[in-house]
Protein chains: 2
Amino acid sequence: MASHGTRGRSGGRPTLEEVAARAGVGRGTVSRVINGSPRVSDATRAAVEAAVAELGYVPNTAARALAANRTNAIALVVPEPETRFFAEPYFSDILRGVGAELADTEMQLLLIFAGSDRERQRLAQYLAAHRVDGVLLVSVHADDPLPDLIAQLEIPAVISGPRSAAETLPSVDSDNYGGARSAVEHLLARGCRNIAHITGRLDVYGAQRRVDGYRDALLAAGHEVDELLIVQGDFTEEGGQRAMRELLARSPVPDAVFAGSDVMAAGARQTLREAGRRIPDDVALVGYDDSAIARHMDPPLTSVRQPIEEMGRRMLDLLLTEIADSRPAASRGLERRQVVLATELMTRASA
Amino acid sequence: MASHGTRGRSGGRPTLEEVAARAGVGRGTVSRVINGSPRVSDATRAAVEAAVAELGYVPNTAARALAANRTNAIALVVPEPETRFFAEPYFSDILRGVGAELADTEMQLLLIFAGSDRERQRLAQYLAAHRVDGVLLVSVHADDPLPDLIAQLEIPAVISGPRSAAETLPSVDSDNYGGARSAVEHLLARGCRNIAHITGRLDVYGAQRRVDGYRDALLAAGHEVDELLIVQGDFTEEGGQRAMRELLARSPVPDAVFAGSDVMAAGARQTLREAGRRIPDDVALVGYDDSAIARHMDPPLTSVRQPIEEMGRRMLDLLLTEIADSRPAASRGLERRQVVLATELMTRASA
DNA sequence: AGGTACCGTGGGAGCGCTCCCACAGGTGAT
DNA sequence: ATCACCTGTGGGAGCGCTCCCACGGTACCT
């Protein structure tokens, strides 16, 4: 008693036992009340709740985790090597969505960086130690071993964009295909006839889908797809510049460019300006993401908006049901575990 | 045994006891090795380390937290009501700095949102329950009760910008005063003679300091400070526009504007453009933050860069020492607990 | 030789909770 | 009346660790 009892004393955090004594009931009963078990009489419940309030009791997470063998925590894994990823609002918005949804739960959110090898090492340990009940994976690359590791460890997880059409992990994504189609259809409706596409990194599935959308929009309108008008970018501004320079070398020069991201669009704009081409008179420009860059570009950039915050919310939703399902030998159905959310074209001066 | 032993089984996570058995030592010894105690012979240490490696032992955080009465977790509290705050790179960069520094420790990072009242309620509970060893507070307002609550609970904390000159909490900040001075000095060196300042919200201490820097730069150069050239903004784009309109009504119209943030500078640019004023020929423009907006503005914006990532790193550093100090009845000296980092003026076409 | 000091070590107790078994008391069927 | 079966409850055991006391051993003093 002596040795331990005095250790962390200061405010004297009350324990379950103290609440039980105060309420004149047993420890088990208090636990049941705290955890919302129905097998408690109304009178007892009221007494316990009163005691909890009087004592200002707050359950000790560590003890709970230890005894129950669960953590009540989920991890958001950030594959940080990409500085760009962080700078874009994407991450913040996902986070905000997750945070909003999280407020309704008892879960806590752990942020884990998996940029360096050392950090990945640590992450693997984390996961091996089952220190979280579930994992949220944002912006994983096609060749990332992480998802497989997680699947193997049987840790519930949700991924922010499927890695391929055959993704097995639950995922939440926006409609990249539809978003791209709407962008191209807008350009067509505007009268553009020679529409180019600067793609993102094609090892990102979403970028592929945008190319698909671009193609199908043209085909559906009865146009041919000129493969020379599809130039590969890499989501960076420099990539956008390079791609645009390539496109300016084509003849005829395209009268519209659909860029796979706002940042690439910014690069393209740069190159267009240097070449003395006006936007949108000479070349109409559409981006993707509807980031701050789009709104502040000159001229303001028409861009495809993704409901990113909503994506964050849905990711957490999905993860929580995954976790719940995994508790008692779950049904493991292939239900609605792939969520796709609609995009919206934000029309501005550039197209 | 039966009832509990079978519970979470699946991979069979090894325990301290198992490692001890394997290494042929006692539980206490393994614990000492794990925790890097020096009071272990080399031979024993080696044996234990071998056993740990063979078994793939990973300590159970919950058990550790329970027994040791510490959590090995720190919280980053996000006062989320401000959407803007999230959208700016500020947050991401702080986070990256914290994350980088975190990789060297055993600490885990909890992200807590304190936007809504409900979330703040939850946060208070968290803190009351001492579920974290320390708290990182970013962008708190002068009137926020949170810092006081935290101080009262005697939870180690670091704040990202002092709330006033008399801040008692440890803090990390950039040199707002010096940054503002360098901006104004640059404009003076450029030949501008009529330099206006659009301030941030003056209940933010950093915004006040920028005003101070603006004033002193002028005075030091032997100029008078025209109070009419100091217009209050609120860190928003609209605020920047409003302020700029006010300034355009002055006579003479200033030949330079130092805006307290890039976003406000963007607003000012908008208004200047509408008024047909050229940047920098008619009016030179300098912003603050060196955000993505600055680089993408037309013309690119000269802006004061803060070493935000470094700030994140230093915040974590400070917090860890605070935590370490608080363990054994600490010295509580008033040492270097207020860190101020230098800024850098990024010169671009706008000034 | 005896004493004192320390080192490295083993293991008991205890952290605050959940889980589950046991049991009292009630209710309905037999 | 007996039995079966509920519901509500109390409390033991145990989760995996840290802390600390106790102990045998060695080294150095007197």
Side-chain angles (χ1 to χ4, degrees), chain A residues 1-9 12-48 52 55 57-72 106 129-131 327-328, chain B residues 1-9 12-48 52 55 57-72 106 129-131 327-328:
Chain A
M1 162 121 292
S3 60
H4 263 69
T6 3
R7 225 190 305 157
R9 296 299 94 206
R13 240 93 53 55
T15 70
L16 246 203
E17 198 105 31
E18 288 166 352
V19 174
R22 175 95 180 202
V25 300
R27 194 171 12 86
T29 302
V30 177
S31 177
R32 253 156 278 169
V33 172
I34 299 289
N35 293 290
S37 157
R39 343 196 108 276
V40 181
S41 72
D42 290 344
T44 310
R45 163 167 288 114
V48 171
V52 165
L55 263 37
Y57 170 76
V58 181
N60 178 318
T61 340
R64 186 179 270 186
L66 179 59
N69 197 33
R70 63 176 138 73
T71 64
N72 267 329
E106 287 286 280
H130 282 262
R131 271 156 71 156
R327 295 259 215 260
Chain B
M1 161 120 294
S3 60
H4 263 70
T6 3
R7 228 191 304 158
R9 298 299 92 209
R13 240 92 54 56
T15 71
L16 246 205
E17 199 104 31
E18 288 165 356
V19 174
R22 176 96 181 200
V25 299
R27 195 170 12 86
T29 302
V30 177
S31 177
R32 253 157 277 166
V33 172
I34 300 288
N35 293 290
S37 158
R39 341 197 110 278
V40 181
S41 72
D42 289 345
T44 310
R45 163 168 290 114
V48 171
V52 165
L55 264 36
Y57 171 76
V58 181
N60 178 317
T61 339
R64 185 179 270 187
L66 179 58
N69 195 33
R70 65 177 137 75
T71 63
N72 266 329
E106 288 285 279
H130 283 261
R131 270 157 71 155
R327 296 259 214 260

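Here is the naming used below: chain letters follow the sequence lines, and residue numbers restart at 1 for every chain. Here the structure is a predicted model, which is why all the values come from computation and not from measurement.
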Undergrad: Separation of B:H130 atom NE2 from C:dG16 atom P, in whole Å?
TA: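 Taking atom P of C:dG16 as the reference, NE2 of B:H130 is at 13 Å.
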
Undergrad: Using five base pairs at each end to define the local axes, how bent is the helix from C:dA1-D:dT30 to C:dT30-D:dA1, to the nearest 10°?
TA: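 Comparing the axis at each end, I get an angle of 50°.
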
Undergrad: Separation of A:R70 atom CZ from D:dG16 atom P, in whole Å?
TA: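 So the CZ-P distance, A:R70 to D:dG16, works out to 15 Å.
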
Undergrad: Output the rounded distance in Å from CZ (A:R13) to C1' (C:dC17).
TA: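 These atoms are roughly 14 Å apart.
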
Undergrad: Has the side chain of B:R45 got a donor or acceptor atom that lies under 3.5 Å from a matching backbone atom of B:V33?
TA: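 Not at all, since once roles are kept as given, no pair shorter than 3.5 Å links the two residues.
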
Undergrad: Rounded to whole angstrom units, what separation is found between the CG atom of A:L66 and the P atom of C:dC15?
TA: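 Spelled out: CG on A:L66 to P on C:dC15 is 13 Å.
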
Undergrad: Determine the minimum heavy-atom distance between B:A47 and B:A23, stating which atoms define it.
TA: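 Where B:A47 meets B:A23 most closely, the heavy atoms are O-CB, 3.9 Å.
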
Undergrad: Strictly below 4.0 Å, heavy-atom distances to any atom of DNA chain D: list the hits from residues 22-32 of chain A, or just say none.
TA: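 Per residue number, the list reads A:G24, A:V25, A:G26, A:R27, A:G28, A:T29, A:R32.
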
Undergrad: Return the nearest nucleotide to the side chain of A:A68; candidates are C:dT18, D:dC17, C:dG16.
TA: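 The closest nucleotide is C:dT18.
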
Undergrad: Can you work out whether A:T61 or B:R45 has the more 5'-proximal nearest nucleotide on DNA chain C?
TA: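 Closest to the 5' end, via its nearest nucleotide, is B:R45.
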
Undergrad: For residues B:S31 and B:N35, report the shortest heavy-atom separation together with the two atoms involved.
TA: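 Nearest heavy atoms, B:S31 then B:N35: O-ND2, 2.7 Å.
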
Undergrad: Provide the closest heavy-atom pair for A:T71 versus A:A65 in the form atom of the first, atom of the second, distance.
TA: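 Closest heavy-atom pair between A:T71 and A:A65: CA-CB, 4.2 Å.
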
Undergrad: Calculate, to the nearest 0.5 Å, the distance between atoms CZ and CZ belonging to A:R64 and A:R70 respectively.
TA: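 Spacing of CZ (A:R64) from CZ (A:R70) equals 7.0 Å.
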
Undergrad: Send over the distance from A:E106 CD to C:dC17 C1', rounded to a whole Å.
TA: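 Going from CD in A:E106 over to C1' in C:dC17 covers 15 Å.
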
Undergrad: Under the side chain to side chain contact (heavy atoms under 4.5 Å, CB included) rule, collect the residues that match up with B:T61, sequence neighbours excluded.
TA: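 Result, side chain to side chain contact (heavy atoms under 4.5 Å, CB included) vs B:T61: A:R131.
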
Undergrad: Round to the nearest Å and state the distance from B:L16 atom CG to D:dC17 atom P.
TA: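 Roughly 4 Å, once rounded to whole Å.
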
Undergrad: Mind checking what makes side chain to side chain contact (heavy atoms under 4.5 Å, CB included) contact with A:V52, not counting sequence neighbours?
TA: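 With neighbours one apart ignored, the set is A:V19, A:I34, A:V48, A:Y57.
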
Undergrad: For DNA chain D, whose closest nucleotide is more 5', that of A:T44 or that of B:R64?
TA: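 Of the two residues, A:T44 wins.
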
Undergrad: Please name the pair of heavy atoms, one in A:V58 and one in B:A129, separated by the smallest distance, quoted to 0.1 Å.
TA: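 A:V58 and B:A129 have their closest heavy atoms at CG1-CB, 3.3 Å.
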
Undergrad: Find the distance A:E18:CD to C:dG16:C1' and express it as a whole number of Å.
TA: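 Interatomic distance, CD of A:E18 to C1' of C:dG16: 10 Å.
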
Undergrad: Once you round it to whole Å, what is the distance between P of D:dC20 and CG of B:N69?
TA: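 From B:N69 CG to D:dC20 P: 12 Å.
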
Undergrad: Contact list please: residues 34-43 of chain B against DNA chain C, heavy atoms, distance less than 4.0 Å, in numerical order.
TA: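 Of all residues in residues 34-43 of chain B, the ones placing a heavy atom under 4.0 Å from DNA chain C are B:R39, B:V40, B:S41.
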
Undergrad: As an exercise, state the distance from CG of B:L55 to OG1 of B:T15, rounded to the nearest 0.5 Å.
TA: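 Those atoms lie 9.0 Å apart.
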
Undergrad: According to salt bridge (charged side-chain N to carboxylate O under 4.0 Å, His left out), does anything in residues 19-40 of chain B pair up with another residue at least two apart or in another chain? List the pairs.
TA: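 Sorted result for residues 19-40 of chain B: B:E17-B:R27, B:R22-B:E54.
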
Undergrad: Taking all atoms of both residues into account, what is the closest heavy-atom pair of A:A62 and B:L66, and its distance?
TA: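 Looking at all heavy atoms of both residues, the shortest contact is CB-N, 3.8 Å.
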
Undergrad: Can you figure out which of C:dG14, D:dC19, C:dG8 approaches the side chain of B:A67 most closely?
TA: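 Closest nucleotide to the B:A67 side chain: C:dG14.
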
